[in-house]
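Keep in mind that the numbers below use all heavy atoms, side chains included, and drop hydrogens, waters and symmetry copies. We number each residue from 1, following the sequence as shown. These figures come from a predicted structure and were not determined experimentally.
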Amino acid sequence: MTLKNNRLFSLAILIAICLSNFTFVFAYDEGMYTPDQIAGMADTLKKKGLKLKPSEVYNPAGGGITDAIVRLDSGCSAEFVSPDGLILTNHHCGFDALVAASSPERDLVETGFNAGSRAGEFQAKDGEKPFSITLTQRVEDVTAKIKAGTENLSGKELSDAIKKNTDALKAAEEAKAPKGSKIVIQAISSGFFYYLYQTAEIKDIRMVYAPPRNIGVFGGDPDNFEWTRHTGDFTFLRAYVAPDGSPAEYSPNNVPYKPKKYLAANIGGLKENDFVFVLGFPGGTTRYRESQSIQFARDANFPFLGSWLRAVGDTLRLVGQSDEEKRIALQGEVASYDNSRKVFEGGAIRLRNSNVVQQRQAEEARMAAWIAADPARQQKYGTLLADLKTLSDESNATAKRDVMMRRFPDPISGVVLGQIVAAVTATQPPAKMLTDTERAAKLEQIKEAYKKREPVFELEMLKFFLKSFADLPEGQKFAPAEALFGSLKGSARRQAEAKFADTIVNGEYASAERTAGLYGPRTMDYLPEREAILTFARGVAAEKAALGVRGAKFGGSIDRLRVLYMQALKEMRGTTTMYPDANFTMRFTYGHVKGYSPREAEYRSPFTTVKGMIEKNTGEKPFDAPQKLIDLQNSMDFGRYGENNTVVLNFLSTTDIIGGNSGSPILNAKGEQVGICFDGNFEGLGNDFYYDYNANRTISVDIRYVLFVTEKFGGAKWVVDEMKLVGKK
């Protein structure tokens with residue numbers, strides 16, 4: 001339900017450079033380009049089908065389409081679609097605002113929301129935190145400026161010089177930036193690139209219109225990352241500012257923001273192979289990582305994250321089963337965890353099935369031969385691959401245990417144990433005894449943390465971690481857990497783990513006062529249960545400390561090696577341009593409307609319709625199509641949005657996107673919005689590491705369905721009326 005895909009590079013020359021049959025080669029529609037790179041792609045984009053000049057897409061002086069694209073502070077993308085600050089984004093991006101405004105008597109997720117007029121728009125919040133948006137005013141590649149004079153430096157001298165150059169450039173840019181603008185300089189791809197971003201923030205965002213659950217989340221988790229898809233994942237918000245146009249906190253006196261640019265909606269429709277492009281804020285990718293990093297993700301990190309997130313989602317559902325108020329409050333978190341779980345579960349499968357590790361290893365073998373063939377390359381890169389392998393082998397020796405320990409105990413599901421571990425860590429010799437005042441302050445901190453406790457959640461998650469420790473392979477076992485349960489097998493061990501978990505979650509340390517007492521002199525009698533908890537907590541603290549040391553050693557060397565690795569890749573591939581890894585900053589990607597074959601003897605066309613949605617209708621969640629929508633289809637009451645006796649609902653494209661692109665507009669060759677991106681397909685997961693033109697697809701809501709639902713189903717024509725519609729009369 002969140003996005004995931006990114007890349008687009010079409011340098012056909014590279015395919016000829018002895019790298020045939022290798023999917024890491026930049027080709028087809030791969031790549032996630034920074035706005036300043038678009039100008040250098042003018043010829044390629046024109047041949048692909050773009051009918052705009054690059055400066056009409058991005059102009060550092062302003063006026064390009066990028067001025068209409070914004071980032072929600074929730075991590076989603078969005079776009080202005082009217083001259084009065086109307087914003088279009090995904091339903092799941094506005095989901096938390098609906099949850100925050102809901103109650104058991106008024107569940108806005110279930111019913112949807114129509115403000116009726118601007119007077120009815122309410123402030124969008126995630127809990128108590130108001131929504132905000134960030135506008136990107138300028139993007140500049142400052143790599144040369146940041147690295148100036150650092151060519152022969154290394155270690156601390158290099159990092160100090162980078163910091164000095166960064167601080168100086170930031171100060172100079174801030175001195176000339178417009179009032180209210182912010183300057184940020186970010187290292188990307190381990191410091192291979194440095195980019196400057198000039199941004200501004202709008203702090204008053206309000207909810208305008210959202211469809212009900214059985215449109216906005218139709219298909220739910222079973223359909224997530226699947227094609228075919230029939231989800232109306234869209235929501236309208238609005239940006240407000242002070243009467244003088246300056247950003248301001250929420251106030252009834254604020255007025256709608258007047259954007260410099262807003263998108264026109266093209267309702268003329270698409271056909272297969274039409275050119276499209278996407279602008280948005282994709283999250284993290286690691287497209288240039290060494291094979292050991294991909295193997296770590298495939299074999300350790302992704303599988304554990306998938307199982308952990310499954311446990312979190314299942315347990316939160318359990319909490320909500322007996323409490324309707326909690327169910328409503330937690331549904332946004334459940335949806336988010338379910339989405340992430342499928343990303344990691346599917347990512348592990350796709351990395352394995354697509355042989356991504358083996359392909360990277362094959363490229364590294366070619367790199368080794370390429371380095372060996374030239375004395376100058378030997379001098380520059382001679383030990384690079386060996387150094388990467390040595391460092392990674394040492395770091396990944398206990399990878400499956402390490403990925404667990406990084407999240408154990410996590411602050412969400414391990415409140416009590418987390419406080420116990422913090423206490424035994426802080427009081428290890430030669431720690432100084434806290435004063436009475438310091439202990440009193442510590443007690444208040446613990447009380448505050450305990451207010452957020454959900455004991456059922458803590459208990460189930462602690463049992464999950466204990467079982468996960470038990471399932472670790474030999475050589476990676478967690479010694480404190482084995483000391484307690486290692487002599488037991490099967491159900492006997494599960495029972496002992498459950499009893500131990502209960503003594504932590506519901507025992508004496510469920511009292512903030514007892515936990516705070518761990519910071520003072522020992523006054524309690526010896527009890528086996530207590531000693532078992534404290535010994536286990538000390539073991540957790542010791543293992544996390546050791547993990548921190550190993551991580552620091554790895555981190556102290558890996559960035560330098562990865563920058564060198566990227567330089568070698570660039571030289572070997574013969575390219576002068578590389579797109580930086582995604583980092584939640586604005587990117588451009590292009591492609592075409594296109595179906596795909598997920599498996600042998602099967603082809604999936606690129607469009608779905610309301611007819612297909614009704615075919616899926618079972619009358620039960622999550623496939624319960626609204627009766628009014630069924631009636632509109634049966635009476636063929638589509639207004640201006642119909643095509644072939646129905647309304648196109650979702651469509652596929654080869655554009656390269658990933659999480660963070662949720663809510664991004666997908667535009668036609670003329671720069672008119674034809675849809676809104678909201679998902680990728682299961683066969684394209686794992687795409688933080690690679691892109692496969694034949695498999696990776698973006699799933700978007702057709703703009704006609706957005707407008708059809710808003711106007712004909714939702715009775716919110718007042719929203720559509722302020723938009724600019726083109727294409728079909």
Atom pair CZ (Arg587) and CG (Asn661), whose distance is rounded to the nearest 0.5 Å: 10.0 Å
Out of Phe236, Phe122, Tyr209, which residue meets the ring pair (Phe, Tyr, Trp, His ring centres under 6.0 Å) rule with Phe113? Phe122
State whether Lys712 and Asp631 are salt-bridged, where the test is any N-O pair (Lys NZ or Arg NE/NH1/NH2 against Asp/Glu carboxylate O) under 4.0 Å. no
We want to know whether Asn650 and Trp227 form a side-chain donor-acceptor pair, criterion being a heavy-atom distance below 3.5 angstrom. no
After noting the C-alpha distance and the side-chain angles of Tyr693 and Thr654, does the key distance pass the side chain to side chain donor-acceptor pair (under 3.5 Å) rule? CA-CA 7 Å; Tyr693 173 80; Thr654 60; 5.4 Å; no
Please step through salt bridge (charged side-chain N to carboxylate O under 4.0 Å, His left out) for the pair Asp107 and Arg213, ending with a clear verdict. CA-CA 10 Å; Asp107 185 353; Arg213 174 200 53 77; over 6 Å; no
Can you list the residues that meet the ring pair (Phe, Tyr, Trp, His ring centres under 6.0 Å) rule with Tyr250, with sequence neighbours excluded? none
Strictly below 4.0 Å, N to O, side chains only: are Lys611 and Glu615 in salt-bridge contact? no
Let's go through Arg317 and Asp338 carefully: what are the C-alpha distance in whole Å and the side-chain angles of both, what is the deciding distance for salt bridge (charged side-chain N to carboxylate O under 4.0 Å, His left out) to 0.1 Å, and is it a yes or a no? CA-CA 11 Å; Arg317 271 186 285 269; Asp338 283 349; 2.7 Å; yes
Tyr590 vs Phe275 aromatic rings, parallel, tilted or perpendicular, using cut-offs 30° and 60°? parallel
Non-hydrogen atoms of Leu725 and Tyr641 that approach each other most closely: CD2-OH, 3.9 Å
Could you tell me which non-hydrogen atom of Phe80 sits nearest to which non-hydrogen atom of Pro259, and how far apart they are? CD1-CB, 3.6 Å
Can you tell me if CD on Glu272 sees more than 12 non-hydrogen neighbours from other groups inside 6.0 Å? yes
Between Gln37 and Thr34, do the side chains contain a donor N or O and an acceptor N or O under 3.5 Å apart? yes
Mark yes or no: Lys616 above the aromatic ring of Phe623, with NZ or CZ under 6.0 Å from the six-membered ring centre and no more than 45 degrees from the axis. no
Side chain to side chain donor-acceptor pair (under 3.5 Å) for Thr285 and Asp581? Distances and angles first, verdict last. CA-CA 5 Å; Thr285 58; Asp581 274 318; 3.0 Å; yes
Lys594 backbone acceptor or donor facing Arg697 side chain under 3.5 Å: yes
When you look at Glu324 and Arg327, which way does the salt bridge (charged side-chain N to carboxylate O under 4.0 Å, His left out) test go after all the steps? CA-CA 5 Å; Glu324 181 64 6; Arg327 184 197 67 77; 2.8 Å; yes
Do Thr199 and Thr136 meet the criterion of a side-chain donor-acceptor pair at a distance under 3.5 Å? no
N/O donor-acceptor pair under 3.5 Å between Thr89 side chain and Thr235 backbone: no
Donor-acceptor contact present, side-chain Asn90 to main-chain Cys677, <3.5 Å: yes
Report the residues that fulfil ring pair (Phe, Tyr, Trp, His ring centres under 6.0 Å) with Tyr240, sequence neighbours left out, ordered by chain and then residue number. none
May I ask you to check whether Glu602 and Ser597 show a side-chain donor-acceptor distance below 3.5 Å? no
Interatomic spacing from CD1 in Ile215 to NZ in Lys628 - rounded to 0.5 Å: 9.5 Å
Salt-bridged, Lys342 to Glu345, with N to O below 4.0 Å? no
Ser82 side chain to Asp84 backbone, donor-acceptor under 3.5 Å: yes
Over all atoms of both residues, closest heavy-atom pair of Leu72 and Ala78: CG-CB, 4.3 Å
Going by an N to O cut-off under 4.0 Å, is there a salt bridge joining Arg640 and Glu711? yes
For the residue pair Asn583 / Thr585, report whether a side-chain donor-acceptor contact shorter than 3.5 Å exists. yes
Could you report the tightest heavy-atom contact between Val109 and Ser102, atom names first, then the distance? N-OG, 4.0 Å
Could you grab the distance from atom CE of Met613 to atom OG1 of Thr608, nearest 0.5 Å is fine? 10.0 Å
To the nearest 0.5 Å, what is the distance between CD1 on Ile65 and CG on Leu263? 7.0 Å
For Asp692, does its backbone N or O pair with a side-chain atom of Asn696 as donor and acceptor, under 3.5 Å? yes
Where do Val610 and Thr646 come nearest, in terms of heavy atoms and distance? N-OG1, 3.5 Å
Any donor-acceptor pair under 3.5 Å linking the side chain of Thr655 with the backbone of Thr589? no
Measure across Thr228 and Asp223 and return the closest heavy-atom pair with its distance rounded to 0.1 Å. O-OD2, 4.2 Å
Is Asp702 reaching over with its side chain to a backbone N or O of Arg704, donor-acceptor style, under 3.5 angstrom? yes
Any carboxylate oxygen within less than 4.0 angstrom of a Lys/Arg side-chain nitrogen, looking at Lys46 and Asp43? no
Do the charged groups of Glu722 and Arg118 touch, with an N to O distance under 4.0 Å? yes
Donor-acceptor side-chain pairing of Asn339 and Asn224 below 3.5 angstrom: yes
Once you round to the nearest 0.5 Å, how far does CD1 of Ile666 lie from CD of Glu672? 14.0 Å
Counting distance only, does the side-chain N/O of Asp67 pair as donor-acceptor with the main-chain N or O of Lys261 below 3.5 Å? no
In this structure, are over 12 heavy atoms from other groups packed under 6.0 Å from Asn644 atom CG? no
Who passes salt bridge (charged side-chain N to carboxylate O under 4.0 Å, His left out) against Glu121, sequence neighbours left out? Arg238
Output, in order, the C-alpha distance, side-chain angles, deciding distance and verdict of salt bridge (charged side-chain N to carboxylate O under 4.0 Å, His left out) for Asp96 and Lys129. CA-CA 10 Å; Asp96 288 330; Lys129 182 178 179 294; over 6 Å; no
After noting the C-alpha distance and the side-chain angles of Phe713 and Phe708, does the key distance pass the ring-ring contact (aromatic ring centres under 6.0 Å, His included) rule? CA-CA 7 Å; Phe713 174 88; Phe708 165 70; 8.1 Å; no
Has the side chain of Asp73 got a donor or acceptor atom that lies under 3.5 Å from a matching backbone atom of Ile133? no
Just checking, any donor-acceptor pair under 3.5 angstrom between side chains of Ser653 and His592? no
Looking at Ile699, is its backbone amide N or carbonyl O close enough to the side chain of Asp679 to form a donor-acceptor pair, meaning the two atoms are under 3.5 Å apart? no
Should Phe234 and Phe678 be marked as a ring-ring contact (aromatic ring centres under 6.0 Å, His included) after you check the CA-CA gap, both sets of side-chain angles, and the distance that decides it? CA-CA 8 Å; Phe234 74 91; Phe678 73 97; over 10 Å; no
Can you tell me how far apart OG (Ser664) and CZ (Arg71) are? Round to the nearest 0.5 Å. 11.0 Å
Full working for side chain to side chain contact (heavy atoms under 4.5 Å, CB included) between Phe588 and Val57: CA-CA 9 Å; Phe588 166 90; Val57 180; 4.2 Å; yes
